[in-house]
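Just so it is clear: chains get the letters A, B, ... in the order the sequence lines come, proteins before strands, and each one is counted from 1.
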2 protein chains.
Amino acid sequence: MAKVDTSLVAHLPLFAGVTPEAMDEILREARSARYPKNSAIFEQGADAQSFFLLLHGHVRAAKTTPTGEQIVVRYVAPGETFGLAMAIGAARYPATAMAVDDSVVLIWPNSAWPRLVERFPALAANTLQTVGTRLQESHTRILEMSTQQVEQRIAHALLRLAKQSGKKLDHGIEIDFPISRQDIAQMTGTTLHTVSRILSAWESQGLVESGRQRIILRDPHGIVVLAERSPDSGAA
Amino acid sequence: MAKVDTSLVAHLPLFAGVTPEAMDEILREARSARYPKNSAIFEQGADAQSFFLLLHGHVRAAKTTPTGEQIVVRYVAPGETFGLAMAIGAARYPATAMAVDDSVVLIWPNSAWPRLVERFPALAANTLQTVGTRLQESHTRILEMSTQQVEQRIAHALLRLAKQSGKKLDHGIEIDFPISRQDIAQMTGTTLHTVSRILSAWESQGLVESGRQRIILRDPHGIVVLAERSPDSGAA
DNA sequence: GGCCGGTTTTGCGCTATCGCAAACACCAGG
DNA sequence: CCTGGTGTTTGCGATAGCGCAAAACCGGCC
């Protein structure tokens, strides 16, 4: 089994307050694995047997309805945990995780969690913090879906993606993994058609530049303005 | 300070795995307080100084936008915790909590949390579980808002309220606290007008009976059917 | 270098739902 | 018993965004 370099992950929020020796012990329980682009890491409804820490790449967590519609729960960036089903008391994964880029993850068996938490209570506290933050983000998303129109929701979604996984360019910010109109629609509760229309409009205003599964925010500040615009103060 | 009876709260999920002596110690750090109907317990944005456990009554947690719109994050039922801002690493309350009925709560100062968690690690684990469950519920809500129409969302919302806080009647289930059309609108991302129209329609079909801040599900199963109906399979 | 499949764009009608406004009902208080 | 006020019902446009369908595009692969 590949040895994981402690220094690469010790600074992550998950391990705040954990000593280097403890890190060794924690990492000894993990194995690492590589998932190629577009491969599934786990499926919604499957027995939750492991939890994960993303080292490289990007992972999309999506939830599917009985009728087949999907929403994107979130995009996982390097350094973030995912698949914490058992930590929160679920026997099955509530969503599907798929690598949207070639990705490398650390994998712990669920059985290790109770032992780790007992030896390193900071892990539970850190995880609680993380999950709490995600809960708040979910509430914010609900608030947006309830009170804002599609254009504003898309603006917020892109800004968040840019902050989380944006690559600074000379002029603008590029979202650093492949993302389609459909994906954005599934993040904002709309359809790919509407997303396409809005991005086209933005492109003609010089706010963004985009193509096949690729988006560059050319005028982030202009998009912030859009995002905060009240529903009626529309354009001419 | 009023002494809290251990036996009343020891069975709650929050205290799973905590010994009776430990319970004493935990409860010694709390005080209890009574909030009359329609009084605020804490306000969104205020310094988070305490966390809460609801003993009696019902509390509404709501989030407000800069422009004044509100959504209901959740209704808190007896036995549930709320205002856990600090446990999840927030310095300020992300929502406003208001008693919708005369309510009694236990209050711990935030400063007690680190100490309690250190002495009773089960608390952190239990809280993680709770927060995780709420996170999943939030995702479900986002999924519903993204994929279902208003009527189905209202159906789901009422069914959840009935499960959480329903009082069984001879014929039907009554939601056991005052709730307005506006409240339901704020739970489902619609307007009180639309809620009113839909409830009126349901009433004429004998599915519900409702009045001023009062709702009785007369045919819960019929509402389940509505909730699960696919978007197009509409009525005649 | 041409072909294939997924992605994006765009037109067009449709409708669920909003938004406003007015009329009502009901409970609480005096 | 009357009255004020909050919550509810309902009518009637207005419209944002959906849904379908078709065409254009783009990139990688053979």
Whole-Å gap separating C1' (D:dT8) and CD1 (B:I184)
12 Å
Rounded to whole Å, please give me the gap between CD in B:Q152 and C1' in C:dA16.
12 Å
Inter-axis angle, terminal five-pair segments of the helix from C:dG1-D:dC30 to C:dG30-D:dC1 [nearest 10°]:
40°
Length of the CD1-P vector between A:I215 and C:dT8, whole Å
8 Å
Distance check needed: D:dA16 P versus A:R229 CZ, whole Å only.
13 Å
Give the rounded distance in Å between these two atoms: CG of B:D183 and C1' of D:dT8.
13 Å
Whole Å only: how far is the CE atom of A:M145 from the P atom of D:dC18?
10 Å
Counting just side-chain N and O atoms, does A:Q149 come under 4.0 Å of either OP1 or OP2 of D:dG17?
yes
Counting any heavy atom closer than 4.0 Å, what does B:R212 reach on the DNA or RNA strands: base, sugar-phosphate only, or nothing?
base
Distance check: side-chain N/O of A:T191 vs OP1/OP2 of D:dC18, anything under 4.0 Å?
yes
Output for pair (B:R181 CZ, B:L192 CG), nearest 0.5 Å, gives 9.5 Å
Pair up each side-chain donor or acceptor in residues 74-95 of chain B with any protein partner under 3.5 Å, not counting sequence neighbours, and list the distances.
from	atom 1	to	atom 2	distance (Å)
B:R74	NH1	B:E80	OE1	3.2
B:R74	NH2	B:T81	O	2.5
B:E80	OE1	B:A77	N	3.2
B:E80	OE2	B:Q164	NE2	3.3
B:T81	OG1	B:R134	NH2	3.1
B:R92	NH1	B:G45	O	2.6
B:Y93	OH	B:Q49	N	3.3
B:Y93	OH	B:S50	N	3.1
B:Y93	OH	B:S50	O	2.6

Looking at B:R153 and B:E144, is any side-chain nitrogen of the basic one under 4.0 Å from a carboxylate oxygen of the acidic one?
no
Write down the atom of B:G166, the atom of B:I173, and the distance for their closest heavy-atom approach.
CA-CG2, 3.6 Å
Taking A:F52 as the fixed residue, which of A:W108, A:Y35, A:F42 is the one that meets the ring pair (Phe, Tyr, Trp, His ring centres under 6.0 Å) rule?
A:F42
What nucleotide among D:dT8, C:dT9, D:dT9 has an atom nearest to a side-chain atom of B:S210?
D:dT9
Give the residues of residues 195-207 of chain B touching DNA chain D, defined as any heavy atom closer than 4.0 Å, sorted by residue number.
B:S196, B:R197, B:S200
If you take atom types as modelled and just measure distance, does the side chain of B:H193 reach the base of D:dT8 with a donor-acceptor pair under 3.5 Å?
no
Measure the distance from CD1 on A:I154 to P on D:dA16 and round it to the nearest whole Å.
15 Å
Report the distance from atom NZ of A:K37 to atom C1' of D:dG27, rounded to the nearest whole Å.
11 Å
Indicate yes or no: at least one non-hydrogen side-chain atom of B:M187 is less than 4.5 angstrom from one of B:R160.
no
